[in-house]
Amino acid sequence: MKLKPLPKSWFAGDAVALAPKLLGKIVKRGACVGRIVETEAYTTDAASHGAKVTARSAPMRETYGHWYVYFTYGMHWCANVTTNEGGTGAVLIRAVEPLEGLALMKRRRKTDVVQNLANGPAKFCQAFGITGKDNAAALGGDFAIYDAPELAPEEIGTSSRIGITVGTELPWRFFVKGNEFVSG
DNA sequence: TACTGGATTCACT
DNA sequence: GTGAATCCAGTAA
C-alpha cells in the first residue's frame, strides 16, 4: 500500500468541515493500519471539551494536526485529531475498519471478531495501543493519518447513534453504510 | 481536599 | 434492555 501522509495544513480548517473528509482516510500506528469509517466533530458546543478553557482541552485550542487523547469513564481512552488553526476544534475518530496488523489488534482487544476490533472510539484506541502518552503529539512518524480516496456520497450517511447515545441531534455525525465494520 | 460526573464498553438478564 | 466497572478532570469549598 502506497501511503502519503496528510500535511499539517490539511487540518487547519474547521472540525465540522474536516470530519466528513476524514472518512476513508488511513490511520497508521506502528504495525496497525485501518480505514476511518466514523468521525465526530467537536468545536465549542456544550458537549465538547472545547466549551471550557481547561488544561485538559488545551490541545484543542492551541494546536491543529495533533492528537488529543483523553481518558473517560475510568477505563477508556478516546483519540481526536485537533483542527482549526487559531481556533478550537477536534475530530473524534469513532470507528476504524482494520486493514493490517489484525493479529496485534486481536491480542490487544482479546477478541477474534474483526468487526469488534475498532467499531467504537475506545475500541479503536485499545486496538491501536493508543493511551494518554499519545496526547498532544504531532501527527506523523509512527502515528499518522494518510491520504486515501474520498468516500462516495452514497457511502456516507447520518449515524443511527443520533439521539440515542448522546441525546442531541448534531448534524455532523457520519458513518459508512453497507460496511460490515460500521459501528452502531 | 473532597466530591461529582463523564465524547464507553461489555456482561448479564 | 439494564447496570456495573473504574479513575481522572473539573469544580466547589
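Letters A, B, ... mirror the listed sequences (proteins, then strands); counts begin at 1. Computation of the quantities below employed the complete heavy-atom set of this structure, encompassing side-chain atoms and omitting hydrogens, waters and symmetry-equivalent molecules.
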Taking only residues two or more places apart in sequence or in another chain, which ones pass salt bridge (Lys or Arg N to Asp or Glu O under 4.0 Å) with [X]?
X       : value
A:Asp14 : none
A:Arg29 : A:Asp134
A:Lys28 : none

Rounded to the Å, how far apart are [X] [atom1] and [N] [atom2]?
X        : N      : atom1 : atom2 : answer
A:Asn119 : B:dT8  : CG    : P     : 13 Å
A:Lys110 : B:dC10 : NZ    : P     : 11 Å
A:His49  : B:dG5  : NE2   : P     : 16 Å
A:Gln115 : B:dC10 : CD    : P     : 14 Å

Any residue meeting ring-ring contact (aromatic ring centres under 6.0 Å, His included) with A:Trp77, in chain and number order, not counting sequence neighbours: A:Phe71

Partners passing ring-ring contact (aromatic ring centres under 6.0 Å, His included) against A:Tyr70 (at least two apart in sequence or in another chain): A:His49, A:Tyr68

A:Lys25 to A:Tyr146, cation-pi by 6.0 Å centre distance and 45° axis angle: no

Short side-chain N/O contact to B:dC10 OP1/OP2 from A:Lys123, under 4.0 Å: yes

Phosphate-side-chain proximity, A:Arg109 and B:dT9, N/O vs OP1/OP2 below 4.0 Å: no

A:Leu6 side, atom CG; A:Leu22 side, atom CG - distance, nearest 0.5 Å: 7.5 Å

Runs of at least three consecutive pairs that involve DNA chain C, where pairs are Watson-Crick or G-U with distances under 3.5 Å: B:1-6 with C:7-12, B:8-12 with C:1-5

Donor-acceptor pair between A:Gln126 and A:Arg109 side chains, under 3.5 angstrom: yes

Donor on one side chain, acceptor on other, A:Thr82 and A:Thr63, under 3.5 Å: yes

Enumerate the protein-to-nucleotides 2-4 of chain C contacts in which both atoms are nitrogen or oxygen and the separation is below 3.5 Å.
none

Base versus backbone protein contacts along nucleotides 6-13 of chain C [heavy-atom cut-off under 4.0 Å; B, S, -]: BBSSSS--

For A:Thr131, all residues meeting side-chain hydrogen bond (donor to acceptor under 3.5 Å, both in side chains), sequence neighbours excluded: none

Partners passing side-chain hydrogen bond (donor to acceptor under 3.5 Å, both in side chains) against A:Arg61 (at least two apart in sequence or in another chain): A:Ser57

Within 6.0 angstrom of A:Lys21 NZ, more than 12 heavy atoms from elsewhere: no

ring-ring contact (aromatic ring centres under 6.0 Å, His included) contacts touching residues 86-108 of chain A (sequence neighbours left out): none

Nucleic acid contacts of residues 59-70 of chain A, taken as heavy-atom distances under 4.0 Å to DNA chain C: none

